[in-house]
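Contents: one structure, followed by commentary.
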Amino acid sequence: MAGGTGGGIGEGRSREASGDRPFFGYDGAMKILVIEDDAQAAAYLVKGLKESGHVVDHVADGKDGLFMAGSENYNVLIVDRMLPGRDGLAIVEILRGAGTQTPVLFLSALGSVDDRVRGLRAGGDDYLTKPYAFSELLARVEALGRRKSTAEVTTTKLQVGDLEMDLLARKVRRGAKQIDLLPREFRLLEYLMRHAGNVVTRTMLLEYVSDYHFDPQTNVIDVHVARLRQKIDRDFPTPMIHTVRGAGYCLRA
């Protein structure tokens, strides 16, 4: 399960200096999760992605990978097919079933047509066979990241059950009732709706609401979610905002 061949990693000159490709830079940096159990292949991949300006997390076990992918906010997942604990196909099938739409690039030594088809049908967005050229992998990862970013930018309305949010008009309705929210409450609800069906941690909410500068141990998120819950769930028979003990919150219809 060796990583790739080629790509120029560790050749002494940065891509910015060599002119091989434009430096991706801070503004385009993505947060990427690599789920790969081969230590050498993972080190090669993580090093190259970091040198290209991205933030990278790595786990070597399928169960840990599933937990990380479901609890953190990533731009792209790079998933090996054969993993201990839980295989790559199962990870992606579970994530898709839970509503997580983070783009997935499968990496695998299994390169037959049937293998690639199984990966794509499991919910993968792309499939790259080992050994690979790092430059090709990077191009594919960045293409997936751009695709996700474009989809998010063009989304103007969110809906979960009878809860609707108009991002342009900055209005929220549940059923026939219009709900007035403060700016911070609006952003919190937007994040919960974008991740509907998934557990969202307090740290994730703190990071998303960028004007917060509090200690992560503070209960400010709990306070604001409690106020949000009063506005969203009050006067309705079915609550939508649920507390997941020891983890965070989950919005579901």
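- Hydrophobic clustering, with ILVMFWY side chains joined whenever heavy atoms are under 4.5 angstrom apart, keeps Val199 apart from Leu66.
- Between Val92 and Gly123, the shortest heavy-atom distance links the atoms CG1-C, 3.6 Å.
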Inset, instruction - May I have the step-by-step check of side-chain hydrogen bond (donor to acceptor under 3.5 Å, both in side chains) for Tyr127 and Asp115, ending in yes or no? - result: CA-CA 9 Å; Tyr127 194 107; Asp115 288 320; 5.3 Å; no
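- When the side chains of ILVMFWY residues are joined at heavy-atom separations under 4.5 Å, either directly or via intervening members, Tyr132 and Ile32 end up in a single hydrophobic cluster.
- The main-chain N or O of Gln230 is never found under 3.5 Å from a side-chain atom of Arg227 such that the two would form a donor-acceptor pair.
- Nearest heavy-atom pair across Asp166 and Lys157 is OD2-CE, 3.5 Å.
- Taking CD1 of Ile91 as the reference point, atom CD1 of Ile35 lies at 4.5 Å (rounded to 0.5 Å).
- Tyr44 and Val55 fall into different hydrophobic clusters, where Ile, Leu, Val, Met, Phe, Trp and Tyr residues are linked whenever their side-chain heavy atoms come under 4.5 Å apart, directly or through other members.
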Inset, instruction - Just do the salt bridge (charged side-chain N to carboxylate O under 4.0 Å, His left out) check on Arg81 and Asp87 with the steps written out, would you? - result: CA-CA 6 Å; Arg81 275 284 306 269; Asp87 69 83; 5.6 Å; no
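- With values rounded to the nearest 0.5 angstrom, Asp162 atom CG is found 8.0 Å from Thr238 atom OG1.
- Residues Ile221 and Tyr249 share a closest heavy-atom pair of CG2-CE1, 4.2 Å.
- Within 6.0 Å of the CZ atom in Arg86, the count of heavy atoms belonging to other residues, nucleotides or ligands does not exceed 12.
- A search for ring-ring contact (aromatic ring centres under 6.0 Å, His included) contacts involving His195 returns Tyr191, not counting sequence neighbours.
- Val244 and Cys250 get closest at one heavy-atom pair: CG2-CB, 4.0 Å.
- If you take CE on Met193 and CZ on Phe186, they are separated by 9.0 Å, rounding to the nearest 0.5 Å.
- In the hydrophobic cluster analysis, where Ile, Leu, Val, Met, Phe, Trp and Tyr join through side-chain heavy atoms closer than 4.5 angstrom, Met82 is grouped together with Val59.
- Closest heavy-atom contact between Asp233 and Met240: OD1-N, 2.8 Å.
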Inset, instruction - With side-chain hydrogen bond (donor to acceptor under 3.5 Å, both in side chains) as the test, would you mind laying out the steps for Arg116 and Ser108 before giving the verdict? - result: CA-CA 9 Å; Arg116 295 197 298 272; Ser108 180; over 6 Å; no
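- A heavy-atom distance below 4.5 Å is found between the side chains of Val141 and Met30.
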Inset, instruction - Go through the steps to decide whether Leu163 and Gln159 satisfy the test side-chain contact (heavy atoms from CB on, under 4.5 Å), and finish with yes or no. - result: CA-CA 6 Å; Leu163 180 64; Gln159 182 167 358; over 6 Å; no
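- No donor-acceptor pair under 3.5 Å is formed between the side chain of Arg252 and the backbone N or O of Gly197.
- Taking CD from Glu93 and CZ from Arg118, the interatomic distance works out to 11.0 Å, rounded to the nearest 0.5 Å.
- Around NZ of Lys171, the count of heavy atoms belonging to other residues, nucleotides or ligands within 6.0 Å does not exceed 12.
- Summarising the geometry, atom CG belonging to Asp57 is positioned 11.5 Å from atom CD1 belonging to Ile78; distances are rounded to the nearest 0.5 Å.
- Of all the heavy atoms in Leu138 and Ser52, the pair that sits closest is CD2-OG, 3.4 Å.
- Linking Ile, Leu, Val, Met, Phe, Trp and Tyr residues whenever their side-chain heavy atoms come within less than 4.5 Å places Leu181 and Val220 in a single cluster.
- Under a 3.5 Å cut-off, the side chain of His54 and the backbone N or O of Leu49 do not form any donor-acceptor pair.
- In this structure, the side chain of Glu185 engages the main chain of Leu182 through a donor-acceptor pair within 3.5 Å.
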Inset, instruction - For side-chain contact (heavy atoms from CB on, under 4.5 Å), just list the numbers for Leu128 and Leu105, CA-CA rounded to whole Å, side-chain angles, deciding distance to a tenth of an Å, and then say yes or no. - result: CA-CA 7 Å; Leu128 187 59; Leu105 170 65; 4.1 Å; yes
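- Counting heavy atoms from C-beta on, the side chains of Glu164 and Val172 never come closer than 4.5 Å.
- Note that CG of Asp37 is 5.5 Å distant from CG of Asp80, once rounded to the nearest 0.5 Å.
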